[in-house]
Q: 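First, the structure itself, so that you have it in front of you.
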There are 2 protein chains.
Amino acid sequence: MFKAMPKENLYEFARQAIPCVGFNTRRATRLITQYYDKALAPADLRSTQYSLLSALSMTDEVTMQDLAFVLAMDRTTLTRNLSPLLKKGWIKVSVGGDRRARPIRITSKGKTVLENALPFWEKAQSHILDNLGDSKWDQIMKGLHKISMIVEENPL
Amino acid sequence: MFKAMPKENLYEFARQAIPCVGFNTRRATRLITQYYDKALAPADLRSTQYSLLSALSMTDEVTMQDLAFVLAMDRTTLTRNLSPLLKKGWIKVSVGGDRRARPIRITSKGKTVLENALPFWEKAQSHILDNLGDSKWDQIMKGLHKISMIVEENPL
DNA sequence: TAAAAATAAGTGTATATACACCCATTATGT
DNA sequence: ACATAATGGGTGTATATACACTTATTTTTA
């Protein structure tokens, strides 16, 4: 059934056949993440790990909860996602003034890894933006933002 | 650092601070998938499982490879994702004329599950589309499609 | 036709994701 | 002050994701 269909039409087909907003965003995200994963492979980093280091590089210290909130990531997912970074010594987790809290900070080793990864990320990013156009990306981003607001503010 | 920031501004902040296309699409997709997961929970279905059943309901039989291609999902990921559906008897995997191939088909039990899930999916979907507007979604979808084409056709 | 290349799919491993439940610590109400 | 609420995090479990490697089968080629 699908085999005969030209590749260009498959997206249209999938979209018509499976109009689900969730499916279609997941589909695109899979492809995009695979792209960045491949781009970052020479720097020994996965997409998510790059994002985490990138976020941590912009603040001195941040607690699990706060970081999870900014990333719109479940708190427990963040714990798991940070674990490989911790193992590799790219981040440090300590104990806060509130002794329940676990402030996280990037290490100098982590900063070096991030700096080394930057050109690889840059290449992937500009590849996309050069072909898409900044204003188009801005438009998509605003749209995704809007959907995010809707799902966060309209509990079922 | 993040704690004081009002929620509305956090998206903007994250976007400015982490301009990565991959991060931002993943972030939105996490929220959206959580939303559909919650919506589909009463039907005992996850978002991905709903998509898979939905795709399978539109064809008589399809091989792993073909389905993986349509879904833009790694072939091995598909194998893993189908496994809970198989365990529950919602799909059937057989052996094709080409004895390497494994044609998949949805069972009548699977069809029933899908039908029961439909109103829950509908509610989540229309919640989003009613608040977003069909044309806006069309625009976003076209954008994501464009990015998908770019990353598929511009190997690094 | 037999050897080599290509193809369809599964497994081992590692990360990504989130819910339910648990523990430790802090804040609150009386 | 003490019992109770609330809060910050981690673990157990299950699914989602994909790469490297393997196996079985088909196709191609010398």
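The figures here come from the full heavy-atom set of this structure, side chains too, leaving out hydrogens, waters and symmetry mates. Protein chains get the first letters and strands the later ones, always in sequence-line order, with residue 1 at the start of each.
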Q: Nearest to the side chain of B/Gln34, which nucleotide is it out of C/dT25, C/dC19, D/dT17?
A: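 Between C/dT25, C/dC19, D/dT17, the one nearest the side chain of B/Gln34 would be C/dC19.
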Q: Indicate the ring-plane relationship of A/Tyr50 and A/Trp121, choosing parallel, tilted or perpendicular according to the 30° and 60° boundaries.
A: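 Correct class here is parallel.
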Q: Between A/Gln65 and D/dG9, is there a contact of a side-chain N or O with OP1 or OP2 at under 4.0 Å?
A: yes
Q: Nearest whole angstrom, please: distance from the P of C/dA24 to the CZ of A/Arg102.
A: 11 Å
Q: If you take atom types as modelled and just measure distance, does the side chain of B/Arg75 reach the base of C/dA9 with a donor-acceptor pair under 3.5 Å?
A: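 Such a pair is found, so the answer is yes.
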Q: Given atom CZ of A/Arg30 and atom P of C/dT15, what is their separation to the nearest angstrom?
A: 21 Å
Q: CG of A/Leu67 versus P of C/dA16: gap in Å, rounded?
A: 13 Å
Q: Can you check D/dA5 for me, syn or anti if syn means within 90° of 0?
A: syn
Q: Let me know the distance between CZ of B/Arg99 and P of D/dT27, rounded to the nearest Å.
A: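 Distance check: B/Arg99 CZ to D/dT27 P gives 11 Å.
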Q: Starting the side chain at C-beta, find the nucleotide from C/dA16, D/dT11, D/dT15 nearest to A/Thr76.
A: D/dT11
Q: Do any side-chain nitrogens or oxygens of A/Lys38 fall under 4.0 Å of OP1 or OP2 in D/dC19?
A: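 Answer yes for this pair, as a side-chain N or O of A/Lys38 is under 4.0 Å from OP1 or OP2.
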Q: Looking only at the side chain of B/Arg80 (C-beta and beyond, no hydrogens), which of the listed nucleotides C/dG12, C/dT17, C/dA8 gets closest?
A: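 Between C/dG12, C/dT17, C/dA8, the one nearest the side chain of B/Arg80 would be C/dG12.
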Q: What's the CZ-P distance between B/Arg100 and D/dT25, to the nearest Å?
A: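 It works out to 10 Å between those atoms.
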Q: Using only side-chain N and O atoms of B/Thr79, determine if any of them is under 4.0 Å from OP1 or OP2 of C/dG10.
A: yes
Q: Any strand is fair game: report the nucleotide pairing with C/dT26 by Watson-Crick or G-U wobble, both distances under 3.5 Å, or none.
A: none
Q: Choose from D/dT17, D/dT15, C/dT17 the nucleotide whose nearest atom is closest to any side-chain atom of B/Thr48.
A: D/dT17
Q: Between the side chains of B/Arg102 and B/Thr63, is a donor N or O closer than 3.5 angstrom to an acceptor N or O?
A: no
Q: Apply side chain to side chain donor-acceptor pair (under 3.5 Å) to A/Asn81 and A/Thr48, showing your working.
A: CA-CA 8 Å; A/Asn81 287 355; A/Thr48 301; 5.2 Å; no
Q: In this structure, how many angstroms lie between the P atom of D/dG12 and the CG atom of A/Asp74, rounded?
A: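 A/Asp74 atom CG is separated from D/dG12 atom P by 16 Å.
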Q: Side-chain N or O of B/Asn81 less than 4.0 angstrom from OP1 or OP2 on D/dT17?
A: yes
Q: Tell which nucleotide pairs with D/dA5, taking only Watson-Crick or G-U wobble pairs whose two distances are both under 3.5 angstrom.
A: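 Because no pair has both required distances under 3.5 Å, D/dA5 counts as unpaired.
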Q: Could you check whether any side-chain N or O of B/Arg30 sits under 3.5 Å from a backbone N or O of A/Leu71, counting only pairs where one atom can act as donor and the other as acceptor?
A: yes
Q: Rounded to whole angstrom units, what separation is found between the CG atom of B/Leu71 and the P atom of D/dA18?
A: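 Nearest whole value for this atom pair: 11 Å.
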Q: Expressed in angstrom and rounded to an integer, what is the separation of A/Arg46 atom CZ from C/dT17 atom P?
A: 10 Å
Q: For atom NZ of B/Lys123, is the number of surrounding heavy atoms from other residues, nucleotides or ligands below 6.0 Å larger than 12?
A: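 Count not over threshold, so no.
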Q: Under 4.0 Å, counting only non-hydrogen atoms across every strand here, what does A/Thr77 touch: a base, just sugar-phosphate, or nothing?
A: base
